[in-house]
Amino acid sequence: MNAEQKIIVPLDVANITDAIALIEKLPQVSFWKVGLELFTSTGPQILQELKSRQKRIFLDLKFHDIPNTVAGACRAAAGYGVDLLTIHATAGRDALKAATEAVQTGAAQAGVEPPKLIAITVLTSISCRQLAFDLKIPLELPEYALEMALMAQEAGLDGAVCSPQEVAQLRDSCGNEFLLVCPGVRPTWAEKGDQKRSLTPSQALQAGANYLVIGRPVTAAAEPELAWKQICEELATVA
Ligand SMILES: O=c1ccn([C@@H]2O[C@H](COP(=O)(O)O)[C@@H](O)[C@H]2O)c(=O)[nH]1
């Protein structure tokens with residue numbers, strides 16, 4: 001896989017028209033992420049649009065509910081034939097196990113390949129201070145992220161979502177087969193926005209990420225194609 005194929009670009013737009021415009025503006029992007037805003041607005045129609053263009057799909061719905069409910073949602077989502085699907089690790093061990101089984105059932109019923117199910121460890125918009133003082137978690141953030149990843153791995157998930165700042169530690173502990181997907185990636189020239197635990201694309205890849213989720217540095221750039229090219233050039237130096 002070349003460096004370009006390791007970048008996932010989020011379609012964080014309000015409607016199908018804006019989504020298609022963005023997909024057509026960036027024909028080089030092979031892996032798109034559909035998140036809460038767009039899926040809530042369009043439903044599965046956007047997945048069909050991406051499939052008709054032979055794109056890979058990360059369906060980032062971040063399920064977080066009781067085991068029976070996340071299992072139902074995972075069965076339905078797996079039936080769409082997407083490549084990656086998310087659940088919050090903090091849904092708990094039983095929910096993670098139920099979700100793992102449900103993606104297999106849902107995909108088999110629909111006759112498609114099951115998605116890789118990956119767990120959100122700690123949102124990249126959360127700082128160490130917020131974890132301690134707002135969420136009252138009495139562990140250091142990297143340690144907590146690792147505990148969440150290990151629980152997900154024990155429950156049978158395929159990987160985790162973590163910030164680039166924790167990816168090296170998770171890679172060491174979870175091994176090379178465990179998928180690690182990093183949002184919160186920022187080239188030196190980009191605004192951080194609400195991302196609190198960033199590294200650059202090359203640093204994130206060198207630290208052990210399988211995939212980088214890079215949104216606004218590309219999609220909100222004055223020239224998205226140029227921003228994409230700059231990121232690919234940076235990654236080519238490490239890949
Ligand atoms: O911990 C997480 C989990 C998911 N995300 C998602 O990734 C993208 C990041 O977009 P940027 O514009 O590059 O900030 C976005 O869709 C989030 O929902 C995350 O940022 N952190």
Side-chain angles (χ1 to χ4, degrees), residues 6-14 18-19 22-23 25-26 29 31-42 46 50 56-64 77 82-91 115-128 130-131 134-135 137 141-142 144-149 152 157 159-167 169-170 179-205 207 209-222 224 227-228 230-232 234-235:
K6 295 180 183 169
I7 308 174
I8 303 175
V9 180
L11 275 168
D12 287 335
V13 293
D18 291 354
L22 190 52
I23 295 164
K25 194 182 284 180
L26 290 165
V29 176
F31 209 155
W32 289 96
K33 183 170 90 67
V34 175
L36 292 172
E37 180 183 8
L38 188 59
F39 197 78
T40 303
S41 148
T42 70
I46 180 60
L50 288 164
R56 301 173 74 200
I57 304 172
F58 175 5
L59 185 56
D60 183 22
L61 298 182
K62 299 187 183 71
F63 295 136
H64 193 190
V82 296
D83 298 281
L84 290 177
L85 182 67
T86 44
I87 177 172
H88 276 283
T90 51
K116 302 283 186 202
L117 183 63
I118 58 178
I120 307 286
T121 54
V122 181
L123 288 170
T124 54
S125 55
I126 301 287
S127 66
C128 297
Q130 286 168 331
L131 189 81
D134 295 343
L135 304 186
I137 304 290
L141 196 150
Y144 182 63
L146 178 59
E147 292 295 342
M148 294 300 101
L157 272 74
V161 177
C162 64
S163 100
Q165 294 187 9
E166 293 101 50
V167 71
Q169 191 190 351
L170 267 59
L179 266 185
L180 293 173
V181 178
C182 291
V185 176
R186 288 290 184 265
T188 51
W189 42 264
E191 304 259 331
K192 292 216 170 31
D194 49 6
Q195 297 290 358
K196 300 279 172 47
R197 310 193 316 279
S198 311
L199 290 181
T200 65
S202 50
Q203 287 170 332
L205 211 56
N210 296 97
Y211 291 102
L212 312 178
V213 178
I214 311 180
R216 287 163 289 180
V218 176
T219 57
W228 167 264
Q230 282 177 324
I231 292 169
C232 291
E234 175 182 332
L235 289 179

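We count ligands from 1, going down the list as the structure has it; atoms in each ligand are counted the same way.
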Original post:
Hey, mind stepping through Val13 and Glu37 against side chain to side chain contact (heavy atoms under 4.5 Å, CB included) and telling me if it holds?
Top reply: CA-CA 7 Å; Val13 293; Glu37 180 183 8; 5.7 Å; no
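Where the criterion is an N or O separation shorter than 3.5 Å, residue side chain and backbone included, Gly215 meets it with respect to ligand 1. Looking at Thr124 next to ligand 1, an N or O pair under 3.5 Å apart turns up.
Which parts of ligand 1 touch Arg216 is read off a 4.0 Å heavy-atom cut-off, strictly below it: atoms 11 (P), 12 (O), 13 (O), 14 (O). Taking a cut-off of under 4.0 Å to the non-hydrogen atoms of Lys62, the atoms of ligand 1 that pass are 3 (C), 4 (C), 18 (O). The contact set between ligand 1 and Val213, taken as ligand atoms under 4.0 Å from a residue heavy atom, comprises 7 (O), 8 (C).
Remark: aromatic rings of Phe31 and Tyr211 are close, center separation under 6.0 Å.
Between Lys196 and Asp194 there is no salt bridge, since no side-chain N of the basic residue sits under 4.0 Å from a carboxylate O of the acidic one. Salt bridge Glu166/Arg197: present, at least one basic N to carboxylate O contact under 4.0 Å.
With respect to atom 6 (C) of ligand 1, the closest heavy atom belonging to the protein is Lys33 NZ, 3.6 Å. Ranking protein heavy atoms by distance to atom 10 (O) of ligand 1, first place goes to Pro10 CG, 3.9 Å. At the top of the distance list for atom 9 (C) of ligand 1, counting protein heavy atoms only, stands Gln195 NE2, 3.7 Å. In terms of protein heavy atoms, atom 11 (P) of ligand 1 is closest to Arg186 NH2, 3.5 Å.
Counting only N and O atoms by type, the side chains of Ser198 and Gln195 include no donor and acceptor under 3.5 Å apart.
When heavy-atom distances to ligand 1 are checked against a 4.0 Å cut-off, Asp12 comes that close only through its side chain, counted from C-beta outward.
With respect to Thr86, the side-chain contact (heavy atoms from CB on, under 4.5 Å) criterion is satisfied by exactly one of Leu157, Val181, Ile118: Ile118. For the side-chain contact (heavy atoms from CB on, under 4.5 Å) criterion with Arg56, the lone passing option out of Val29, Asp83, Leu84 is Asp83.
In Lys62, the NZ atom is crowded: over 12 heavy atoms of neighbouring residues, nucleotides or ligands sit closer than 6.0 Å.
Among Cys182, Ser125, Pro183, the residue whose heavy atom lies closest to atom 5 (N) of ligand 1 is Pro183.
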